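Heavy-atom basis, side chains included; hydrogens, waters and symmetry copies ignored. Predicted, not measured: the structure shown is a model, and the values here were computed from it. All chains are named by letter (A, B, ...) in the order of the sequence lines, taking the proteins before the strands, and each is independently numbered beginning at 1.
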Protein chains: 2
Amino acid sequence: MHVTLQDVARQAGVSTKTVSRVVNNQGEISAATRQRVQQAIEQLGYRPNFLARSLVSQRSSTLGVVASGLGYFGPSSTLTGIEQRTFELGYSLLFSLLPHSDETNVFPILDSFVARRVDGIIWAVSEIGNNRTWIQPEALQGLPPVVFLTMEPKPGLSVVTVDNRTGAMRAAQHLVDLGKRRIAVITGPLAWWESRERLAGFKEVMQKANLEVLPAQVVEGDWTATSGRRCMLELLEQYPQVEAVVAGNDQMALGALGIAHQSGLKVPDDVAFVGFDNVPDSPCFWPPLTTVEQHLFEVGAVSVQMLHNLIATRQDDMVELASEVRLLQTDLIIRESTIGMPADKVVRPVEQDSFKIQPPK
Amino acid sequence: MHVTLQDVARQAGVSTKTVSRVVNNQGEISAATRQRVQQAIEQLGYRPNFLARSLVSQRSSTLGVVASGLGYFGPSSTLTGIEQRTFELGYSLLFSLLPHSDETNVFPILDSFVARRVDGIIWAVSEIGNNRTWIQPEALQGLPPVVFLTMEPKPGLSVVTVDNRTGAMRAAQHLVDLGKRRIAVITGPLAWWESRERLAGFKEVMQKANLEVLPAQVVEGDWTATSGRRCMLELLEQYPQVEAVVAGNDQMALGALGIAHQSGLKVPDDVAFVGFDNVPDSPCFWPPLTTVEQHLFEVGAVSVQMLHNLIATRQDDMVELASEVRLLQTDLIIRESTIGMPADKVVRPVEQDSFKIQPPK
DNA sequence: TTGTAGGCGTTATCAA
DNA sequence: TTGATAACGCCTACAA
């Protein structure tokens with residue numbers, strides 16, 4: 001069916017090895033034969049078979065990625081970053097999605113990756129409930145190098161994640177600095193590690209500012225704008241003195257904003273709002289939303305780079321120093337929902353954990 | 001490095017072929033040997049190598065997908081649908097992203113798919129400018145079956161797309177039915193086929209209603225909310241009598257809504273708005289947005305099913321009847337931005353081009 | 001500079 | 001019911 005090296009070799013009147021050398025640009029070859037071989041390749045429309053190459057070379061130049069929740073801006077950005085860097089480094093990408101559920105059995109997915117002999121795996125699913133209990137030495141044993149995204153760093157694992165706690169602290173501190181005292185929070189689902197981190201950051205700032213956090217000030221949403229509406233209604237009911245709201249993401253902030261409008265509250269004078277994510281629409285919310293930007297595209301790119309290094313290391317010497325952690329910082333984007341006048345100022349702090357994407361080798 | 005069939009065979013004291021039969025559940029095998037083989041598999045931790053299997057069986061059980069613009073809800077939904085159906089049908093998915101640019105050379109991506117011997121390809125990139133000129137018989141020659149998404153159906157190609165024209169007609173007709181006469185349109189970039197289709201649908205309704213469409217009534221955005229703001233400002237400048245706006249997507253509608261608020265216009269009494277996409281946030285816009293829902297998850301799922309059938313067909317007999325077209329209908333979701341009162345009614349028409357996802361064989 | 005032999009891990013063919 | 005042998009398409013080692 002397909003044209004093979006043999007066919008080309010026969011056509012060009014040389015050996016298969018010579019054709020192989022031409023295809024892979026290796027070894028010294030006389031200009032004449034190279035010419036002849038290339039002509040034969042063109043003529044026959046030869047396309048190399050990576051499966052056969054992978055079989056003998058024991059590497060597939062393919063990475064596997066497991067993602068989730070592409071309907072949201074964050075995961076999509078991360079995936080885009082992953083794909084781009086993967087391509088730049090010369091890999092292909094096997095792609096799998098996981099439902100947002102504890103129940104899902106991850107092993108079929110891992111098996112399909114192993115069966116296709118991926119050189120490495122990126123686990124781009126948020127830490128939710130106990131959906132990480134599968135991460136055990138025995139399970140990792142049979143796998144190529146893995147980089148985990150968005151989880152509490154654990155010894156022995158390579159992790160790339162956003163500093164959610166500090167991000168939330170920036171949001172809360174901003175409100176405190178503006179003189180707000182009665183600050184409420186709409187969290188994401190607390191089964192999510194990210195949500196708990198953000199809540200912890202919020203509480204830390206409140207404590208330092210000697211501000212109480214009553215149970216009535218904390219409500220739990222599910223990331224959707226609709227849940228933001230519900231949460232804001234609850235807040236107005238159980239904590240009517242609220243002066244500001246920190247939302248776990250921009251969607252919930254949007255929903256909460258809607259309720260504020262319906263209730264005739266002035267934003268930000270009566271109630272100020274801060275979101276999290278800086279989705280592309282957030283500058284066009286009504287009013288434009290102050291929010292915390294995560295650099296998720298970079299999270300994706302960095303994780304691929306880390307995986308690439310891991311793969312190279314494992315091949316060179318068998319020493320396994322897989323435990324590396326990258327914590328990416330956030331930016332506070334200040335807009336009208338907190339300061340009430342046209343502004344789009346970026347407050348970028350000194351980077352504590354700065355990073356660079358390393359150039360391909 | 002890895003445990004192979006041979007290792008298992010040796011351990012169990014049988015031939016490799018016998019092990020192969022056990023692994024693939026084929027042929028008759030005595031319970032005793034099966035037992036022994038399975039034990040050896042467990043013991044050694046054997047994982048089959050799909051690369052080797054693909055090499056000999058001439059099929060990789062892998063599909064390739066080329067997508068674009070995951071930052072938007074639509075493409076992400078489509079990709080999610082593709083992934084899910086792909087997994088259900090027992091394939092793996094090789095994933096590639098294309099920048100939104102005419103210039104991009106698609107052949108390296110196609111080559112990487114062919115090199116890995118994907119069984120089929122889904123081209124999930126919108127038709128923009130002349131980014132489809134590569135689709136020529138010669139280029140298609142060397143490829144496995146391909147299904148194209150979101151493009152003008154062409155003879156000889158398999159296409160799955162949303163009926164954008166009819167969708168836009170629903171939106172426009174809804175406004176006409178509400179008694180609006182001076183209706184403007186904010187289009188997506190007109191280099192996109194989808195944008196032109198939606199504009200054509202809009203114009204068709206206007207014509208039937210004996211309503212003029214002046215050049216001043218049509219402005220071109222770039223899908224972003226920010227461009228929606230700019231376009232709405234232009235409209236208010238050059239067509240101040242505007243009573244309603246049809247936007248090319250929900251993001252631009254959001255931006256336009258913001259300008260309406262800033263200008264003190266009442267929605268929908270002064271100006272009504274309709275979007276396109278039904279993004280999850282749209283019920284929480286201010287006011288909630290009437291919009292046209294595309295079933296993009298289904299577009300993805302249907303395209304995979306079509307591809308699967310194509311692959312099966314090509315293998316059975318060599319007859320190539322690749323030209324199939326599926327046109328999926330839209331739903332109009334009516335909300336406050338047009339009717340000004342709490343409502344969330346779905347108008348679902350009789351399906352002209354109904355479809356079912358066929359069960360896996 | 002070029003060629004030969006052997007093997008990567010699996011499945012198909014044909015015997016036993 | 002099982003097994004030996006030959007592919008699948010490519011690359012590495014070693015010669016020539």
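Distances shown here put every side-chain N or O of T18(A) at or beyond 4.0 Å from the OP1 or OP2 atom of dT1(C). Note on S20(A): every side-chain N or O is 4.0 Å or more away from OP1 and OP2 of dC10(D). The side chain of Q58(A) places an N or O atom within less than 4.0 Å of a non-bridging phosphate oxygen (OP1 or OP2) of dG9(C).
The CG-P distance, from L51(A) to dC11(D), rounds to 12 Å in whole Å. Between the CD atom of Q6(A) and the P atom of dC8(D) there is a distance of 8 Å, rounded to whole Å. Between R116(A) atom CZ and dC8(C) atom C1' there is a gap of 18 Å when expressed in whole angstrom units. Atom NE2 in H2(A) sits about 21 Å away from atom P in dA7(D), given to the nearest Å. Atom pair R59(A):CZ and dC10(D):C1' shows a separation of 15 Å (rounding to whole Å applied). Atom-to-atom, CG of L5(B) to C1' of dT2(D) comes out at 15 Å; the value is rounded to the nearest Å. L55(B) places its CG atom 17 Å from the P atom of dG7(C), with the value rounded to the nearest Å.
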Tabulated below should be each protein N or O lying under 3.5 Å from an N or O of nucleotides 12-16 of chain C; please produce it.
from	atom 1	to	atom 2	distance (Å)
dA12(C)	N7	K17(B)	NZ	3.4

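Scanning for side-chain contact (heavy atoms from CB on, under 4.5 Å) contacts around T86(B) gives L63(B), I82(B), Y91(B), L93(B), V304(B), with sequence neighbours left out. Listed by chain and number, the residues in a side-chain contact (heavy atoms from CB on, under 4.5 Å) with P75(A) are L70(A), Y72(A) (sequence neighbours excluded). Applying the ring pair (Phe, Tyr, Trp, His ring centres under 6.0 Å) test to Y46(B) and every residue at least two apart in sequence or in another chain returns nothing. With sequence neighbours excluded, the residues satisfying side-chain contact (heavy atoms from CB on, under 4.5 Å) with L94(B) are T62(A), S92(A), L94(A), T62(B), F113(B), R116(B), V118(B). Residues passing the side-chain contact (heavy atoms from CB on, under 4.5 Å) test with R36(B), sequence neighbours excluded: V14(B), T33(B). Partners of S126(A) according to the side chain to side chain donor-acceptor pair (under 3.5 Å) rule, which considers only residues two or more places apart in sequence or in another chain, are E194(A). Under the rule for a side chain to side chain donor-acceptor pair (under 3.5 Å), T80(A) has no partner lying at least two apart in sequence or in another chain. Residues passing the side chain to side chain donor-acceptor pair (under 3.5 Å) test with T16(A), sequence neighbours excluded: none. Partners of S15(B) under the side chain to side chain donor-acceptor pair (under 3.5 Å) rule, at least two apart in sequence or in another chain, are T18(B).
Counting only distance, with no hydrogens or angles, the side chain of N49(A) and the backbone of A52(A) share a donor-acceptor pair below 3.5 Å. Judged purely by atom type and a 3.5 angstrom limit, S60(A) uses its side chain to pair as donor or acceptor with the backbone of R117(A).
Toward the 5' end of DNA chain D, the nearer of the two residues R53(A) and S15(B), judged by each one's closest nucleotide, is S15(B).
A heavy-atom distance below 4.0 Å to DNA chain D is reached by these residues of residues 32-49 of chain A, ordered by number: Y46(A), P48(A), N49(A).
We find that R326(B) and E324(B) are joined by a salt bridge, their nearest charged nitrogen and carboxylate oxygen being less than 4.0 Å apart.
Of the candidate nucleotides dT2(D), dT1(C), dC10(D), dC10(D) has the atom nearest to the side chain of A52(A). Here the side chain of T4(B) is nearest to one of dC8(D), dT2(C), dG9(C), namely dG9(C).
Each end of the helix from dT1(C)-dA16(D) to dA16(C)-dT1(D) yields a helix axis from five base pairs, and these two axes differ in direction by 30° (to the nearest 10 degrees).
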